[in-house]
Every structure is written in structure tokens, then in C-alpha cells.
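Notes for the one structure printed next.
Here, residue 1 is the first one in the sequence, and each next residue gets the next number. Numbering of ligands and ligand atoms starts at 1, following listing order.
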Amino acid sequence: MNVTTLILGAGAAGMMCAAHAGPDTLVVDHAKAPGEKIRISGGGRCNFTNLHTAPANFLGQNPHFHKSALSRYTQWDFIDLVARHSITWHEKTLGQLFCDGKSPQIIQMLRDEMTTAGADLWLQTNVGEISHDGTHFTVTLDREGTRHCVTARNLVLATGGKSIPAMGATGLAYDIARQFGHAVTDTRPALVPLTFSDQRFAPISGVAAPARVTANDTSFTEAVLFTHRGLSGPAILQASSYWHEGEAITLDLDPNASLYDTLRTQRQTEGRRALTTELARHLPARLVDHLAPALALTGNLADQSDARLSQITDALRQWQLKPTGSEGYRTAEVTLGGIATDRISSKTMQSRDVPGLYMIGEAVDVTGWLGGYNFQWAWSSGWAAGTAL
Ligand code: FDA
């Protein structure tokens, strides 16, 4: 069987690419349904883009690589597409756009666009051997027990990263890229909860507090969630992309830097109030109880000198913690790193070395922050390849 373009992976990037590729396109996926990560994303409502998408919201060894695709297919283009399909949405927080309805609306939209473009979709299809004769790729496919040999001028790698293997994530794109001489950077789980070997936060599991979390000089101010195994919540997930094993992170539990002045003011009028009672008006009470022994939070407000209040607020603002690890690919939202971008055209996503080989989406060494940025990369890179095919 011959096609012009064979796309491996019917996830966000693969479907977007197929929607813009020519009619003679086949998309294959080993899963039972396309876009499974879209379906479960955003708590079932798909955080499909971010109003504030900008190059600074992405990590990768080349900080410029993602700029071209993101500037040519922007968040506004995707919002237009969503509007054309009558999908309504709302901004939850920090520019994050979610469907008013459910994530399958986005999957259906992409399927409809693929149908309009004339692309074919094969599910439950396993990818076997791949060869290239200089102009065409020959790929062995096993579709529900039947072997097919497909020849294509273009081969698009869109099988994503390694996060959540239980959902079918594999390193297939990395293996194929290596087969054709492309390097793959070190990869690690990102947007992932951090863990401690001693379960120190088990007693306050479920407590959440706003904080500024800093890892490797990059800070995020959002909620932190204490869990049985360690730390989670958006601020921690964001920081996890910048954290390396063996390093400490810093929690600032007073991100507005107002606590010292507040405690001094309260000391004048509420001097007989216990220090822990006052602190529990600004931080979760269970967290204050947890911190009380280590910070020696005893006595009334009137007992505390300015120096002591300063010492306490400094400790709350510079809480250094050294996680022992992360929850790993089992729960990570994305894979940091991937196919090195140095031998890929940032305009078309085509290999500079193997004509007709394209690499898009999470498989590539471009990783977005939490908040719709990773889908925007999938849309932008998928569009860049699709319109170049
Ligand atoms: P994606 O993983 O979507 O697709 C890859 C496809 O390839 C899959 O269909 C898979 O079955 C297939 N495949 C893999 N190996 C294969 C093989 N060997 N053979 C055949 N097929 C194979 N991002 C965001 O911006 N907003 C959000 O709300 C969320 N929420 C979210 C929640 C959860 C729980 C996760 C795990 C992730 C998110 N993300 C997210 C991240 C987002 O889902 C991710 O970045 C994109 O789906 C990446 O799109 P891709 O198309 O590159 O890979």
C-alpha cells in the first residue's frame, strides 16, 4: 500500500498535522481510541491552550527552536478553530483555557478536521520495521493481527513522550529518530509531584497553601499541596521541570511578603493572642501545627520581639527542602527532553538529514509549563509540519 504521508501517533500533534496534510495521509496508533491524553486532560475539560503563550513558557536545549512554529500558529489560531466548531470555553486562571463542556469535544473537532482533509485513521495498529531508500519510507504495520507494508514519501513521528506508560506512552519516536541518526537528549519526568523517602508530610496530607516555589532560580507562585509521599499542586509541578535530583527547592509561604508587618500590627492590638493562633489566620492551621516544633512557635504575640518575628517570617519565606525523587513517568504530565532539535528545521519540523522525516509534539525536545502550553506546542508543531508536507 502506498500513501504520501504516514503519521505515527494519533495524539494531539499527530491529529493536528493530519488535519493540515494532503488527502493521501494515513495516521496510525496502537491505542483503541485517538487522543487519549486529550480526553483525560484538564480534569476532563482539556486545558487546550493558554492566552499568554510565549517562548519563555517552554524549556529545551535550544531556547529559540520553538519560536517559529508558536508564532506562525498561535493560541489565537487554535481559539478560532475551536470557535468554528462551536466549542465554548472559559478562562480558569492565569490564561488557562478550558472547554465549558468535555475534552472529547476537542478530539471530535480534530477527527472532523482530519476527515475534511481526507486523512485515514488506523487504530490498534502496531509499528514494526522501518526502512528508507533515500526517497521513500517502508513501514511494517500490524493492524489487529493483519500485516501491512506501507510505503510513504513522508514519515511523521508524533508518538509523544514517555509519560504515563499505562496509557500507552512509549519511546517509539526516540528509537526511530535514533535509527535515522538523530540524537535524543536526556529525558526525565516533568510536571510531576516530588517525593521524600521519609513521608514527613503524611500527617498534613491534603493541606494546600499558596506559595512561591523556587527551583534552580525559577519561581512559580501558585498552590502547594502536601501529600503522603511529598509535595504536589501546581507550583510544585511547575518547579519540578527545573529541579534535578539531589537539589533543594525553596518554599516561600508568604509570597506577598506581608506577614512580618501584619504580625507587628497585630501584636499592638491582639498581644494576648497565641502566636500559632495568629499564624493560623494566614496559613492553614494544620501546617502551622506541623511547623510549630521546628520553628519553636510558642507564646503570645506580645512575647515576640521584632527580631523574633523577623526570624519566624524569614523561616517561613525560605523553607528549604530536598526532595529525594519524583513520582516518575507513572504520573508525570510530560517528558522533559526528547529528540534533539539541532538537526530539525524549526519552520517545517523536517529532519535536516533525512528528507521526508518529520518530528512533532512532545517527542521533540520542547516542553511547556503547566497550563495549556504543551497542547499549544502540539498544535503549533503539528500545523507547521502539516502545512509543509
Ligand atoms: P500524545 O501523547 O498526545 O500522543 C501520542 C500518541 O502516540 C498516542 O495516541 C499514543 O497512543 C501513540 N503511541 C505512542 N507510542 C506508540 C507506539 N509505539 N505505536 C503506535 N502508537 C503509539 N497539556 C496541556 O497543554 N493541557 C492539559 O490540560 C494537559 N493535561 C494533561 C493531563 C495528563 C494526565 C497528562 C498525562 C498530560 C497532560 N497534558 C496537558 C500534556 C499533553 O497531554 C501532552 O503534552 C500532549 O498530549 C502531547 O501531544 P503529542 O501528540 O505529542 O503526544
Can a non-hydrogen atom of [X] be found less than 4.0 Å from any atom of ligand 1?
X	value
V334	yes
E333	yes
A158	yes
G372	yes

For ligand 1, find out whether one of its N or O atoms is nearer than 3.5 Å to an N or O atom of [X].
X	result
T170	yes
A13	yes
T125	no
C46	no

Next on the checklist: F375 vs W379, test: ring pair (Phe, Tyr, Trp, His ring centres under 6.0 Å). Steps then yes/no.
Outcome noted: CA-CA 6 Å; F375 278 138; W379 317 136; 5.5 Å; yes

Next on the checklist: Just to be sure I'm reading this right: ignoring hydrogens, which of W369, Y329, F375, F98 gets closest to atom 47 (O) of ligand 1? Compare them by their nearest heavy atoms.
Outcome noted: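 Minimum heavy-atom distance to atom 47 (O) of ligand 1 goes to F375.
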
Next on the checklist: For atom 52 (O) of ligand 1, tell me which residue out of E362, M359, Q124 has the closest non-hydrogen atom.
Outcome noted: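 Among E362, M359, Q124, the closest heavy atom to atom 52 (O) of ligand 1 comes from E362.
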
Next on the checklist: ring pair (Phe, Tyr, Trp, His ring centres under 6.0 Å) for Y174 and H182? Distances and angles first, verdict last.
Outcome noted: CA-CA 9 Å; Y174 308 146; H182 281 265; over 10 Å; no

Item to check | Residues F220, W369; criterion ring pair (Phe, Tyr, Trp, His ring centres under 6.0 Å); working and verdict | outcome: CA-CA 10 Å; F220 295 92; W369 287 3; 4.8 Å; yes

Next on the checklist: Pair F48, F98 - check ring pair (Phe, Tyr, Trp, His ring centres under 6.0 Å), show working.
Outcome noted: CA-CA 6 Å; F48 56 80; F98 289 74; 8.1 Å; no

Checklist entry - Can you tell me how far the CD1 atom of I130 sits from the OG1 atom of T140, to the nearest 0.5 Å? => result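 Reported value, rounded in 0.5 Å steps: 8.5 Å.
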
Checklist entry - Looking at CG of L316 and NE2 of H282, how far apart are the two atoms once the value is rounded to the nearest 0.5 Å? => result 11.0 Å

Next on the checklist: Is it the case that atom CD in E129 sees more than 12 heavy atoms from other parts of the structure closer than 6.0 Å?
Outcome noted: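 Check fails, neighbour count at 12 or below.
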
Next on the checklist: Looking at D306 and R267, is there a salt bridge between them, counting it only when a charged N and a carboxylate O are closer than 4.0 Å?
Outcome noted: yes

Check each atom of ligand 1 against the heavy atoms of [X] and keep those under 4.0 Å away; list them by number with element.
X	value
I40	34 (C)
I164	36 (C)
G361	52 (O)

